[in-house]
Amino acid sequence: MKQVYALCDVNAMYAACESVFDPTLVGRPVIVASNNDGCAVARNKEAKALGVKMGQPIFELREHIEKNGLVVCSSNYALYGDMSFRFMQALSACSPRVMPYSIDEAFLDLTGIESVVSYEDFGHQVKDLVKQWTGLPICVGIAPSPTLAKLANHGAKQYPATNGVVDLTDQVRQRRLLSLTPTGEIWGIGSKLSKRLEALGIRTGLQLADADPKWIRKHFSVVVERTVRELNGVPCHTDILEVAPAKQQIVCSKSFGSPVTDLDSMLSAVSHHASRAGEKLRGERRECGYLSVFMSTSRYRATDQYANQKGIALPFPTADSREITRHAVDLARKLWRDGYRYNKVGINLSDFRTPGANQSDFFSQIEDEQRDKDLMVTLDRINSIAGKNSVQFGRQIHKNKSWEMRRENLSPAYTTRWADIPTVKC
DNA sequence: TCTGGGGTCCTAGGACCC
DNA sequence: TCTGGGGTCCTAGGACCC
């Protein structure tokens, strides 16, 4: 049976979450800022109409804030993460095969569904159910390959007449929409590739679809070749509906709320990220064999720039936050150069192993190992019940917390903290 | 003054081995 | 002047995604 995919994607997810719980935002231009209130990462349609660009720095938007009532929300990942979970639950009520692809989108397997209901009607049912359960507006794109489903979703967002659902299982419709779509808007074609394609005379999705896959492979890569095949309705990302593979790396990094110029603050921040990374690693039930630390000054400064990274293959795989922190602090000391205004530090864990599968430290005592593991389990449990960072390591605590994130317009954790649950007045 | 964070996959090139 | 060939593994870097 011919495979059919649906892509369900929340419209301006973060901004939509804010509006669901604060109806005074409805109809006003709203954006959600990245960490440190740095730049715009989500815009509702009113904000897009004002001309706010994705990734635009907040300091460039002052005039819109003052004159046009643009509302800037700090990012509230506790809220968005929980709303995402509810969104996925609603999708699971519609289809037995749901594969979350990111916080605000998921692929559904619609193969064979047409004998029961038309694709378009099904799309509307999903859209209505998500709206009813979560208050979030979504668009649905339906097609014979994931890349075309992405394109269909894009079309549903772009053309209001579609009412948020586009069925692109028909080849004539595929080609019509492809001819209206610049290559840069095709999934998998970014700014670099679209420039190179344009230099060869390929400007639209249709021209790309009609290119010879072998020729594309020779001049670009196997990745672009797959995109070409997908645009012709041949699914290549067939693993998209499979269970997501285990993570291969864990990165924890954040730019500082304000620049860091002393080693103590830097080490406190490194320790903080190292603990977080250890926590994530244990959440995956894995140990890591390789660890690296990177630090840098702002890439937007013209002078006095410094960026560097160092890694270490661990003598024994570990998921113990104390081990990870100790190595991370060592590396950070080696990376540190006096006299710079640092704006970022981060840690990267990789080379994952299954706990117990490898030879452990020859000199350690088995009882000690069990005790260490129990300590980490207890630590994670306390922090999960009492809230993040309820228990921390001494190194993380530092009187100067200027490196911590700025979030000046943070909304309440409406769905994940008892004290923040909204009340309805009748 | 102020410009995000967390991922994936692929490829080229070097080190090393026989 | 002439100086092998082929395979694997690892890493860095580039491109993409949301």
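No experiment lies behind these values; they were computed from the predicted model shown. Heavy atoms only: backbone and side chains are in, while hydrogens, waters and symmetry mates are out. Note on naming: letters A, B, ... go to the chains in the order of the sequence lines (proteins, then strands), and numbering restarts at 1 for each one.
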Run the numbers on A:Tyr101 and A:Trp187 for ring pair (Phe, Tyr, Trp, His ring centres under 6.0 Å), then give the verdict. CA-CA 13 Å; A:Tyr101 177 72; A:Trp187 191 40; 5.6 Å; yes
Which residues pass the ring pair (Phe, Tyr, Trp, His ring centres under 6.0 Å) test with A:His272, sequence neighbours left out? A:Trp403
For A:Arg62, answer base if it contacts any base atom (sugar-phosphate contacts may also be present), sugar-phosphate if it contacts only those atoms, and nothing otherwise; contact means non-hydrogen atoms under 4.0 Å. base
Give A:Glu105 one of three labels, base, sugar-phosphate or nothing, depending on what nucleic acid heavy atoms sit under 4.0 Å from its own. sugar-phosphate
Here DNA chain B, pairs taken as Watson-Crick or G-U under 3.5 Å and shown with ( ), [ ] when crossing and | when to another strand, reads ....||||||||||||||
DNA chain C contacts made by residues 183-194 of chain A, counting heavy atoms under 4.0 Å: A:Ile186, A:Trp187, A:Gly188, A:Ile189, A:Gly190, A:Ser191, A:Lys192, A:Leu193
Looking at side-chain heavy atoms only, is the closest gap between A:Leu61 and A:Ile31 below 4.5 Å? yes
If the threshold is 4.0 Å, N to carboxylate O, is there a salt bridge linking A:Asp210 and A:Arg175? yes
Please classify the nucleic acid contact of A:Gln249 as base, sugar-phosphate, or nothing, using heavy-atom distances under 4.0 Å. base
Side chain to side chain donor-acceptor pair (under 3.5 Å) pairs, two or more places apart, involving residues 14-24 of chain A: A:Glu18-A:Tyr80, A:Glu18-A:Ser411, A:Asp22-A:Thr24
Closer than 4.0 angstrom, basic N to acidic O: yes or no for A:Glu225 and A:Arg229? yes
Quick test of your reading: applying salt bridge (charged side-chain N to carboxylate O under 4.0 Å, His left out), list the pairs with at least one residue in residues 33-61 of chain A, sequence neighbours left out, ordered by first then second residue. none
Of all nucleotides in DNA chain C that come within under 4.0 Å of a heavy atom of chain A, which is furthest toward the 5' end and which toward the 3' end? C:dA15 to C:dC18
Base, sugar-phosphate or nothing for A:Ile250? Non-hydrogen atoms, less than 4.0 Å. sugar-phosphate
